[in-house]
Structures are given as structure tokens and as C-alpha cells.
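Letters go in sequence order (proteins before strands), and every chain restarts at 1.
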Amino acid sequence: MLEGKFESASLMKRLVEAIKDSVKLCNFNCSQTKGITLQAIDDSRVLLISLKLDPGCFEGFRCDKNLVLGLDLESLSKVLKQGNNEDYLTLIAEDAPDNLLVVFEDPKKDRISEFSLKLMDIDSDVLSIEDMDHDCSITLPSSDFAKVARDMRTLSESLQILVTKDSVKFMASGPIGTGSVIIKAHTDLKDGKESIKIDLNKSVNVTFGAKYLNDIVKASTLAETVTIKLTNKIPALFEFKLQGGYLRYYLAPKFDE
Amino acid sequence: KMKQATLLSFFTRS
């Protein structure tokens, strides 16, 4: 039996909203030691989502037997919208489940809502992702990155990112003209989360599809900062750290034909 | 014109 209780429904609500436009059907893998993990690839095979929710992400977590919960994220989103952000959220499944039970309790315990969601058999590709060495790593406020990705998409369907020792330059060039945004490394002593950190082994010049970057920045509601790891000509890693877990996106680059 | 790569060129199916 699986019983995972979140202190508040808002984490799961934000997670599903962040990924449901990229992937529709997902297998949630549940185990006592690893908690809940998920790997899903978008239909175009360009963007991969990797989620880890350690047992420590939960107020209570129990999973007697490893389980795979095949879920339609559109349906899960509909059910999660029925709960309030500050409700407790508990996910419950039997050992060979046909359904996932989703329970919301308001903190005053005078209202309990229960939903049963049908599970699906989902046959999906799983890719093995080894730890990669990257040419550079950038950590910046997730809202800053979201603004650049959204703004620059209005100019071009591609976003070029150039990283040097102390700055990151985002460039877009399209039918109406060109634009660039330069972000410089700095340390904010008052609020560390506002700092911009660049670790560089080698300068990087990579280009990504703006549409995918706009999907990725939907996760900026989950973490105040995002870490972007880039290497020339290989997929980039975008990581949003969660309390006791992470949401990672791997994005394949664009290149000159 | 730029071409979009897929992840399948970089990662193997497990």
C-alpha cells in the first residue's frame, strides 16, 4: 500500500501545472526508499522531465511494495484543482491498484474531499541519463530566467545562450529584429537567492528552441532559483531544487545544419 | 536555418 501525505497540496498542484503542458501521460514510480520518482519525455523527444520526491518531501510516507502509477496529467490536474493550496494532500493506492485515491483535508479538519482517479498502463521510453560533466553552471533567480525566456520568445523561435567567465548573454534574432539580454555574475549579500553565480570550465555557445524554454520556466513557481548546466552541442540540464527532491529538465540543443 | 536535435541522439533507452 502507498500512503503519501503532503503537508500542503500546493507542491503537487504546482508540479503538475509545471509539467502537464510538456507531457500528458506519466508513470509515477513509488518506493519506500526513493519516494516518488518520474521520468517522462515529450512527444517530440526533445525535452525530458525527471522528478524526485524523496520520502522527506512528505509529512508521512509509506510504500510497502514498489508501485507504478500511470496517470493522465490533465486528469490529475483537474482533481488537484479541487483542493486548496493549504489543504493536506494524501495520495493512497493499493498494492495492485486500478485507482489512485486523492484526499484533501483542510487544516481545521472540518472538510475532507476524496477523489478516485483511474490509473492507466503507460508504455513509455525510459532513457538512461548518466551524470554528465558540464562546461558551465549558472544559478540565477528562476523569475529572472522566466522573464528572459518569455520576452525573447516574442522575437524568435530560438534562443542563443553565450556564457563567458562573468556573464551570460541571451540572444534572439527574428523577423522583426534582434535582441539581447546580458546578465552579470554578482553576489547579493542581503538575499543570497538573488545572486547570480557562474561556474565556468569552458565558454559555451548553445541555442535552444524558445518553445521548450517557455515550458521549462513554468517550473519557476516551484523554486526561487534555477541552476542551468550547459555544454556545447549536448543537452542542457535545468534544475529546480525542491525541499528533499528536484525537478529537472533535459533539453536537446539546436544546431546548424 | 537551425535544426532541432532529439534526446535520442545523446541518451540510450534503458
Might you point out which heavy atoms bring A:Ala252 and B:Ala5 nearest each other, and give the distance in Å? CB-O, 3.3 Å
Nearest heavy-atom approach of B:Gln4 to A:Tyr212 is OE1-CE1, 3.9 Å
Reported [atom1]-to-[atom2] distance for the pair [X] and [Y], which is rounded to 0.5 angstrom:
X	Y	atom1	atom2	answer
A:Asp42	B:Leu7	CG	CG	8.0 Å
B:Thr6	A:Leu47	OG1	CG	12.0 Å
B:Phe10	A:Lys233	CZ	NZ	10.5 Å

Would you find more than 12 non-hydrogen atoms of other residues, nucleotides or ligands less than 6.0 Å from [X] atom [atom1]?
X	atom1	value
A:Lys34	NZ	no
A:Lys254	NZ	yes
A:Asp123	CG	no
A:Lys169	NZ	no
A:Gln32	CD	yes

Contact check, side chains of B:Arg13 and A:Leu127, non-hydrogen atoms, under 4.5 Å: yes
